[in-house]
Amino acid sequence: SAVISQKPSRDICQRGTSLTIQCQVDSQVTMMFWYRQQPGQSLTLIATANQGSEATYESGFVIDKFPISRPNLTFSTLTVSNMSPEDSSIYLCSAGRLQGDYGYTFGSGTRLTVV
Amino acid sequence: AQTVTQSQPEMSVQEAETVTLSCTYDTSESDYYLFWYKQPPSRQMILVIRQEAYKQQNATENRFSVNFQKAAKSFSLKISDSQLGDAAMYFCAYRSQLYNNNDMRFGAGTRLTVKP
């Protein structure tokens with residue numbers, strides 16, 4: 001299965017600023033996703049990162065707040081824009097192939113604290 | 001939309017004993033995948049076991065096995081001979097086979113404690 005490198009692992013940011021999180025996969029994958037996870041809670045899907053086209057966002061998440069790029073089959077970024085303390089969370093990227101029963105691989109997560 | 005329910009927020013097991021974590025899901029689809037993921041304090045999501053809905057045989061991976069009841073939409077995880085390293089959050093997950101719906105949906109999680 002694919003291996004994902006996610007950066008940064010953690011950051012402390014001032015409110016009103018933006019942070020870009022990067023995920024690099026070691027092989028070409030069909031699917032890439034971004035999740036948000038509050039400590040001790042489940043994963044909530046933010047969006048599906050589509051290669052070469054606009055991301056598909058879940059209800060409650062908008063492109064202006066969480067712009068996503070996916071320029072090729074191995075790389076994606078998530079930007080958390082105009083941050084507020086409510087954006088403090090863990091952000092994870094996930095990737096995998098469309099075919100087969102393979103579970104998706106996850107990055108190690110980015111712990112974001114907004115002060 | 002598919003939903004995944006884990007009704008046990010916390011479970012505890014004695015080292016070397018067996019524990020079963022419960023998961024139910026709701027779907028109108030006939031073909032899909034089910035997974036159990038483990039998340040230790042390091043935050044890394046680790047795939048424990050997978051099951052294809054069309055397979056009647058329950059999946060097994062070493063000390064981990066599942067009881068898949070498709071009609072009941074139930075997918076429980078059994079951990080045998082529990083070890084201290086099994087302590088973690090466990091998430092049950094559902095993935096559709098539909099081309100335009102391939103994201104993974106997670107339950108709320110069960111925190112497993114292993115007592116020495």
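Proteins come first, then strands; the chains are lettered A, B, ... in the order of their sequence lines, and each starts at number 1.
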TODO: Taking the side chain as every heavy atom from C-beta outward, state whether Arg95(B) and Tyr104(A) have any pair of such atoms under 4.5 Å apart.
DONE: yes

- [ ] Is it possible for you to say whether Tyr33(B) and Leu45(A) belong to one hydrophobic cluster, with membership spreading through side-chain heavy-atom contacts below 4.5 Å?
- [x] yes

Task: Test ring-ring contact (aromatic ring centres under 6.0 Å, His included) applied to Tyr35(A) and Phe106(B), step by step - done: CA-CA 11 Å; Tyr35(A) 289 86; Phe106(B) 291 87; 5.6 Å; yes

- [ ] Give the member of Pro39(A), Ser94(A), Ser9(A) that has the highest number of heavy-atom pairs under 4.5 Å with chain B.
- [x] Ser9(A)

Open item on the list: Is there a continuous path of hydrophobic side-chain contacts, each under 4.5 Å between heavy atoms, that joins Ile63(A) to Met83(A)?
Closed with: yes

TODO: Determine, using the 4.5 Å side-chain heavy-atom cutoff (strictly less than), whether Trp34(A) and Leu19(A) are members of one ILVMFWY cluster.
DONE: yes

Task: Pairwise side-chain contact, Gln37(A) with Arg43(B), heavy-atom cut-off 4.5 Å (strictly under) - done: no

TODO: Verify the cluster assignment for Met32(A) and Ile90(A): are they in a single hydrophobic cluster under the rule of side-chain heavy atoms below 4.5 Å apart?
DONE: no

Task: chain A contact via Gln6(B) - side chain, backbone, both or neither, heavy atoms under 4.5 Å - done: neither

Open item on the list: Just checking Gln38(A): does its CD atom have more than 12 heavy atoms from other residues, nucleotides or ligands closer to it than 6.0 angstrom?
Closed with: yes

Task: Gap separating the CE atom of Met104(B) from the CG atom of Leu43(A), nearest 0.5 angstrom - done: 10.5 Å

Open item on the list: Using a 3.5 Å distance criterion without hydrogens, assess whether the side chain of Gln44(B) forms a donor-acceptor pair with backbone atoms of Phe106(A).
Closed with: yes

Open item on the list: For the CG atom on Asn72(A), are there more than 12 heavy atoms of other groups (residues, nucleotides or ligands in this structure) within a distance under 6.0 Å?
Closed with: yes

TODO: Calculate, to the nearest 0.5 Å, the distance between atoms OG1 and CG belonging to Thr48(A) and Asp103(B) respectively.
DONE: 5.5 Å

Task: Heavy-atom neighbours of Arg15(A) CZ exceed 12 at 6.0 Å - done: no

Open item on the list: Looking at Gly107(B), is its backbone amide N or carbonyl O close enough to the side chain of Ser42(A) to form a donor-acceptor pair, meaning the two atoms are under 3.5 Å apart?
Closed with: yes

